[in-house]
**Student:** 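Before we start, here is the structure in question, set down as structure tokens.
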Amino acid sequence: MASKLILSSPNSLLLQNPNLQHHNHHLLLKPATNMASFPNLTNKVKALTIKCAATTATPLSQSQDLEERVFNFAAGPATLPEKVLKKAQSELYNWHGSGMSVMEMSHRGKEFLSIIQKAEADLRALLNISEDYAVLFLQGGATTQFAAIPLNLVKPEDSVDYVVTGSWGDKAFKEAQKYSKPKVIWSGKSEKYTKIPSFDSLEQTPDSKYLHICANETIHGVEFKDYPDPKNGILVADMSSNFCSKPVDVSKFGVIYAGAQKNVGPSGVTIVIIRKDLIGNAQGITPVMLDYKIHAENNSLYNTPPCFGIYMCGLVFDDLLAQGGLKEVEKKNKKKGDLLYNAIDESKGFYRCPVDKSVRSLMNVPFTLEKSELEAEFIKEAAKEKMIQLKGHRSVGGMRASIYNAMPLAGVEKLVAFMKDFQARHA
């Protein structure tokens with residue numbers, strides 16, 4: 001195959017293949033030495049013919065991964081189900097023959113309406129949510145709900161109670177101070193957030209309008225295994241990091257809220273499940289975007305919602321139903337949790353989990369090394385073995401393995417095998 005080498009400028013040569021013109025196959029050759037240094041060549045070279053072998057790049061098939069995926073133990077945004085990612089990939093360019101991506105759809109068009117309606121229906125099926133409750137797909141993360149809860153449920157002078165079992169419960173309490181009269185009726189701070197109180201010992205404020213809990217503390221790895229019955233008011237729960245990880249009796253709660261980025265989707269979506277009779281009592285200062293009534297009346301479409309994130313959540317809900325629902329999902333999570341906690345407990349102190357065994361999280365497993373100076377090496381070696389994001393939260397240190405729904409059993413098995421090998425080499 002003949003190609004021409006032509007001078008395209010004083011400082012470059014252009015390799016041009018006449019047989020590949022329609023593909024614009026040109027190779028720009030820039031010599032290390034300035035061509036202006038060779039005036040004779042500049043003046044004389046017009047075109048010369050050389051021989052070369054044509055090479056054709058073979059595109060990767062859609063199913064072929066560019067590189068091997070890692071086991072991602074991040075606390076959030078977290079790993080997503082492989083099936084969900086591949087389905088989203090296949091539908092990215094042209095969703096169901098609509099001629100457009102979900103990211104391009106009008107949120108008021110029939111295509112997206114079908115997506116959000118199915119997502120809500122599947123979530124209702126997963127958690128057995130009755131029609132007494134509204135399901136809202138919002139933005140702003142669970143942190144925005146720290147303010148929205150008191151703004152929607154109580155007046156500024158009303159008393160509300162908080163059980164603080166970790167950093168997120170503490171943040172929620174502090175935000176509520178701006179819009180109500182909150183009281184911490186129990187805190188685990190003095191014991192470094194390693195326990196959950198006995199419900200019988202809780203003394204609520206007599207006129208409290210609600211009791212707020214964080215169902216699973218992502219940072220400290222403390223999880224409610226069952227839930228209190230408030231003596232006064234309703235129960236409100238931040239379920240961000242264990243949402244849809246197990247069955248929950250929604251009827252016990254006035255409000256459940258959760259950021260999606262742990263178990264059910266990408267960051268950007270916040271789900272609120274609220275009893276309908278609690279809607280419509282927002283304080284006068286409540287911003288329109290924090291008023292549950294506005295969002296409920298508009299079916300989560302008052303403004304442009306996080307459309308693609310909601311679509312991804314819908315794919316996850318569909319996948320959870322396909323697995324057999326949340327009872328089956330909980331079984332898988334217990335198996336993973338038992339495997340990892342047993343490895344820690346059977347290490348004869350080489351690894352340690354500070355959390356009381358009765359309330360250890362099945363989602364977030366914090367642990368430390370007896371020899372703390374080895375922790376950086378542990379994290380570094382694990383990363384080389386394609387196990388990433390095992391460093392503990394900056395506020396507590398150590399390690400943390402987040403093993404949400406989408407973390408496969410193989411990931412936990414590989415981590416446990418690595419832990420045993422690391423101990424054998426460093427004990």
Side-chain angles (χ1 to χ4, degrees), residues 58-67 69 72 76-131 133-141 243-245 257-273 289 294-329 332 404-408:
T58 303
L60 291 171
S61 66
Q62 280 191 333
S63 62
Q64 187 176 352
D65 293 328
L66 292 176
E67 57 185 57
R69 279 174 60 81
N72 178 10
T79 189
L80 284 162
E82 182 180 336
K83 288 181 181 178
V84 166
L85 291 173
K86 289 185 174 179
K87 184 170 179 62
Q89 181 187 45
S90 71
E91 296 180 344
L92 180 65
Y93 185 67
N94 185 352
W95 182 83
H96 292 205
S98 66
M100 55 186 163
S101 171
V102 175
M103 288 187 280
E104 302 170 299
M105 292 176 180
S106 165
H107 61 293
R108 303 193 190 282
K110 63 180 182 180
E111 294 88 358
F112 183 71
L113 288 178
S114 71
I115 289 172
I116 193 171
Q117 288 166 2
K118 184 178 188 303
E120 178 178 336
D122 286 350
L123 178 58
R124 286 184 179 275
L126 280 168
L127 286 169
N128 193 27
I129 303 170
S130 76
E131 288 302 316
Y133 288 79
V135 174
L136 309 176
F137 294 95
L138 308 177
Q139 301 178 67
F243 188 65
C244 286
S245 67
Y257 64 96
Q261 70 274 11
K262 316 288 187 178
N263 262 320
V264 297
S267 60
V269 182
T270 307
I271 296 167
V272 173
I273 302 168
M289 285 302 294
I294 295 292
H295 292 295
E297 288 177 345
N298 289 277
N299 299 309
S300 301
L301 299 171
Y302 174 71
N303 72 324
T304 307
C307 296
F308 193 79
I310 292 169
Y311 156 75
M312 290 294 292
C313 289
L315 294 184
V316 172
F317 298 151
D318 189 62
D319 182 64
L320 294 175
L321 287 169
Q323 290 182 49
L326 298 187
K327 285 186 178 179
E328 292 303 312
V329 170
K332 294 176 182 178
Y404 299 121
N405 289 351
M407 172 57 66

**Student:** How far apart are the C-alpha atoms of L92 and M103, what are their side-chain angles, what is the distance that settles it, and do they pass the side-chain contact (heavy atoms from CB on, under 4.5 Å) test?
**Tutor:** CA-CA 8 Å; L92 180 65; M103 288 187 280; 3.3 Å; yes

**Student:** Is there side-chain contact between L127 and I273, with at least one heavy-atom pair below 4.5 Å?
**Tutor:**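 The answer is yes; the side chains approach within 4.5 Å.
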
**Student:** Apply the test side-chain contact (heavy atoms from CB on, under 4.5 Å) to residues S98 and M105: give CA-CA distance (whole Å), side-chain angles for both, the deciding distance (0.1 Å), then the verdict.
**Tutor:** CA-CA 9 Å; S98 66; M105 292 176 180; 4.0 Å; yes

**Student:** Which atom pair, heavy atoms only, marks the closest approach of A406 to T79?
**Tutor:**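 Nearest pair, atom of A406 first, then T79: CB-O, 3.5 Å.
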
**Student:** Would you check if the side chain of S300 reaches a backbone N or O of L136 as a donor-acceptor pair within less than 3.5 Å?
**Tutor:**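 Not at all, since once roles are kept as given, no pair shorter than 3.5 Å links the two residues.
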
**Student:** Please find the pair of heavy atoms, one from F112 and one from S106, that lie closest to each other, and give the distance.
**Tutor:**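 Taking F112 first and S106 second, the nearest heavy atoms are CB-O, 3.5 Å.
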
**Student:** With E120, which residues qualify under salt bridge (charged side-chain N to carboxylate O under 4.0 Å, His left out), at least two apart?
**Tutor:**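 In terms of salt bridge (charged side-chain N to carboxylate O under 4.0 Å, His left out), with neighbours along the sequence ignored, E120 is linked to R124.
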
**Student:** Working to the nearest 0.5 Å, report the span between CD of E104 and CG of N94.
**Tutor:**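 Separation between the atoms: 9.5 Å.
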
**Student:** Can you give me the closest heavy-atom contact between L123 and F243, atom names plus distance?
**Tutor:**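 Heavy atoms of L123 and F243 come nearest at CD1-CZ, 3.9 Å.
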
**Student:** A side-chain contact here means heavy atoms from C-beta on lying under 4.5 Å apart; do V102 and E111 qualify?
**Tutor:**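 Not touching, per the 4.5 Å side-chain cut-off.
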
**Student:** For C313 and G265, work out which heavy atoms get closest and say how close.
**Tutor:**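 Taking every non-hydrogen atom into account, SG-CA, 4.1 Å.
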
**Student:** Just how far is it from atom OH of Y311 to atom SG of C307, taken to the nearest 0.5 Å?
**Tutor:**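 Going from the OH atom of Y311 to the SG atom of C307 covers 13.0 Å.
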
**Student:** Working to the nearest 0.5 Å, report the span between CG of N299 and CD1 of I116.
**Tutor:**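 Nearest 0.5 Å value for the CG-CD1 distance: 8.0 Å.
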
**Student:** Taking N263 for its side chain and S245 for its backbone only, find out whether a donor-acceptor pair lies under 3.5 Å.
**Tutor:**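 No.
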
**Student:** Taking the six-membered ring for Trp, are H295 and Y302 parallel (under 30°), tilted (30 to 60°) or perpendicular (over 60°)?
**Tutor:**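 Correct class here is perpendicular.
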
**Student:** Could you state the interatomic distance from CG (L85) to CZ (R69), rounded to the nearest 0.5 Å?
**Tutor:**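 Between atom CG of L85 and atom CZ of R69 there are 5.5 Å.
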
**Student:** What are the two closest non-hydrogen atoms of A119 and F317, and how far apart are they?
**Tutor:**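 Where A119 meets F317 most closely, the heavy atoms are O-CD1, 3.4 Å.
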
**Student:** Distance check, rounded to the nearest 0.5 Å: M312 atom CE versus S267 atom OG?
**Tutor:**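 Reported to 0.5 Å precision, the distance equals 11.0 Å.
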
**Student:** First locate atom CG of L320, then atom CG of N405, and finally report the distance between them rounded to the nearest 0.5 Å.
**Tutor:**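 These two atoms lie 5.5 Å from each other.
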
**Student:** When you look at L138 and Y257, which way does the side-chain contact (heavy atoms from CB on, under 4.5 Å) test go after all the steps?
**Tutor:** CA-CA 10 Å; L138 308 177; Y257 64 96; over 6 Å; no

**Student:** Give me the atom names and distance for the closest heavy-atom approach of R108 to L113.
**Tutor:**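 Minimum heavy-atom contact is O-CD1, 3.8 Å.
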
**Student:** Any side-chain to backbone donor/acceptor pair from D319 onto K83? Under 3.5 Å, distance only.
**Tutor:**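 Checked: no pair found.
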
**Student:** Looking at Q139 and T304, would you say the former's side chain and the latter's main chain have a donor-acceptor pair under 3.5 Å?
**Tutor:**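 A pair under 3.5 Å: yes.
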
